[in-house]
Amino acid sequence: LPCAAGLYAPTSGAITCIDCPNNHYTSSRRESSCKLCPAGFFNDGGKYYKRYSCFPCAPGYFKPHAISSGCLSCGFGTFTSLEGGTECELCEPGTYAPAIRQIVCTAVPAGYYTDTYGSKGVISCPPGTFQDAPFSTHCRPCSPGYYTPSEKQKSCSICPSGKYSIEGAVSCKTCVNSDVNGLSFCPTCSSSVCHTCLRGYEPVVNGIQCYPNCSQVGASNPVKTCEL
């Protein structure tokens with residue numbers, strides 16, 4: 001029986017042609033059986049596509065084996081941008097896929113990061129760190145003299161006058177009497193330590209700068225000589 005493409009006659013004496021089932025096809029006449037669609041291709045049995053050919057899985061879908069019944073959705077953290085895919089790729093560090101059927105991975109925004117393959121979501125930069133660029137795989141610590149008390153930050157704030165901080169600080173510390181040579185101060189505050197006032201001077205206005213103070217024993221300054 002001369003069956004048309006997409007149909008087949010299972011025996012030589014068949015009087016009717018039979019439709020190829022899902023995931024099968026015939027591309028020529030007089031076929032006695034249907035062929036499986038190869039990996040990456042499908043046929044839905046004629047519901048939407050003709051049975052005389054197989055069609056590639058759309059981007060965002062894949063079919064790993066010929067015997068698979070149809071195209072599958074790429075899962076969270078994966079993608080495929082090509083037609084006829086046989087597998088989905090993992091999103092690289094610095095990107096993520098928060099939904100299924102993705103054709104590309106999404107860039108991690110500033111203030112966040114991902115450091116593994118196949119990320120489904122992003123990780124917030126913790127307090128004391130920041131990230132000002134997309135596609136980031138890590139967060140950067142605040143430099144000495146800077147701080148950030150919150151997560152998801154794109155930048156750090158400079159310590160106010162009279163305060164200082166170490167690297168990765170979540171807050172700033174007030175300058176204190178921390179040196180045997182005198183009290184300390186911080187004029188610019190972009191520093192991890194406070195400067196030391198010379199003997200005969202002390203910090204004023206919350207440690208912003210040093211001023212003469214003759215109350216200290218042995219003190220002297222350019223303006224006057226303190227009495228001992």
Side-chain angles (χ1 to χ4, degrees), residues 4-8 10 18-28 31-142 148-156 168 170:
L7 304 173
Y8 76 105
I18 302 174
D19 290 332
C20 286
N22 288 6
N23 198 40
H24 291 73
Y25 75 103
T26 59
S27 58
S28 61
E31 295 286 349
S32 60
S33 63
C34 300
K35 303 180 182 69
L36 272 172
C37 291
F41 289 76
F42 78 104
N43 188 306
D44 64 4
K47 184 177 182 181
Y48 298 108
Y49 298 94
K50 299 296 183 181
R51 299 180 181 89
Y52 57 75
S53 182
C54 294
F55 300 86
C57 295
Y61 295 81
F62 73 109
K63 183 185 171 189
H65 310 289
I67 60 173
S68 301
S69 60
C71 300
L72 305 174
S73 299
C74 287
F76 296 97
T78 68
F79 78 103
T80 178
S81 57
L82 303 175
E83 291 186 336
T86 59
E87 62 180 1
C88 299
E89 299 180 56
L90 294 173
C91 293
E92 294 187 353
T95 66
Y96 71 110
I100 62 175
R101 297 188 291 272
Q102 298 298 290
I103 61 175
V104 294
C105 294
T106 304
V108 173
Y112 300 83
Y113 75 100
T114 61
D115 56 2
T116 59
Y117 285 86
S119 293
K120 304 173 185 179
V122 297
I123 305 171
S124 302
C125 287
T129 69
F130 76 102
Q131 183 50 259
D132 58 359
F135 295 101
S136 298
T137 59
H138 64 281
C139 298
R140 299 158 57 189
C142 294
T148 175
S150 305
E151 59 181 6
K152 309 174 186 177
Q153 296 303 297
K154 301 177 184 179
S155 62
C156 298
V170 298

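Checked by atom type and distance alone, the side chain of N23 pairs as donor or acceptor with a backbone atom of A66 at under 3.5 Å. Between the T114 side chain and the T95 main chain, a donor and an acceptor come within less than 3.5 Å of each other. Judged purely by atom type and a 3.5 angstrom limit, T137 has no side-chain atom pairing as donor or acceptor with the backbone of G94. Using a distance-only test at 3.5 Å, with no hydrogens or angles considered, no donor-acceptor pair links the side chain of N22 to the main chain of N43.
Closest approach of F130 and C156 over heavy atoms only: CD2-SG, 3.4 Å. For the pair S73 and F62, the tightest heavy-atom approach, listed with the atom from each and the gap, is O-CE2, 3.6 Å. Here the closest non-hydrogen pair linking P21 and C34 is CD-SG, 4.2 Å. The shortest non-hydrogen separation linking C57 to K63 is SG-CB, 3.7 Å. Here the closest heavy-atom approach between residue I103 and residue S81 is recorded as O-CB, 3.2 Å.
Side-chain atoms of Y8 and C20, non-hydrogen and from C-beta on, do get closer than 4.5 Å to each other. When side chains are defined from C-beta on, Y96 does not count as touching K120, because their heavy atoms never get closer than 4.5 Å. Side chains of V170 and T148 form no contact here, defined as non-hydrogen atoms less than 4.5 Å apart. In this structure the side chain of P109 reaches within 4.5 angstrom of the side chain of V122, judged on heavy atoms. With a 4.5 Å cut-off on side-chain heavy atoms, F79 and C74 do not count as touching. You'll find the side chain of C142 stays beyond 4.5 Å of the side chain of T129, heavy atoms only. Looking at heavy atoms from C-beta onward, I100 lies in side-chain contact with F76 at the 4.5 angstrom threshold. No side-chain heavy atom of C88 sits less than 4.5 Å from a side-chain heavy atom of L72.
Shown are P126, C139, C125, S124; of these, the side-chain contact (heavy atoms from CB on, under 4.5 Å) with E151 is made only by S124. Here the rule is side-chain hydrogen bond (donor to acceptor under 3.5 Å, both in side chains) with D132, and of K154, R140, Q153 only R140 fits it.
Rounding to the nearest 0.5 angstrom, the gap separating the OG1 atom in T106 from the CZ atom in F135 is 9.0 Å. One distance of note links CZ of F41 with SG of C71; it measures 9.5 Å at 0.5 Å rounding. With rounding to the nearest 0.5 Å, the separation of CG in L36 from CD1 in I67 is 8.0 Å. A distance of 7.0 Å separates OG1 in T26 from NZ in K35, rounded to the nearest 0.5 Å. Taken to the nearest 0.5 Å, the OH atom of Y112 stands 14.5 Å off from the OG atom of S119. Annotation: the span from H65 atom NE2 to C37 atom SG amounts to 15.5 Å, rounded to 0.5 Å.
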If you apply the rule side-chain contact (heavy atoms from CB on, under 4.5 Å), what do you find for Q131 with Y113, and how did you get there?
CA-CA 8 Å; Q131 183 50 259; Y113 75 100; 5.9 Å; no
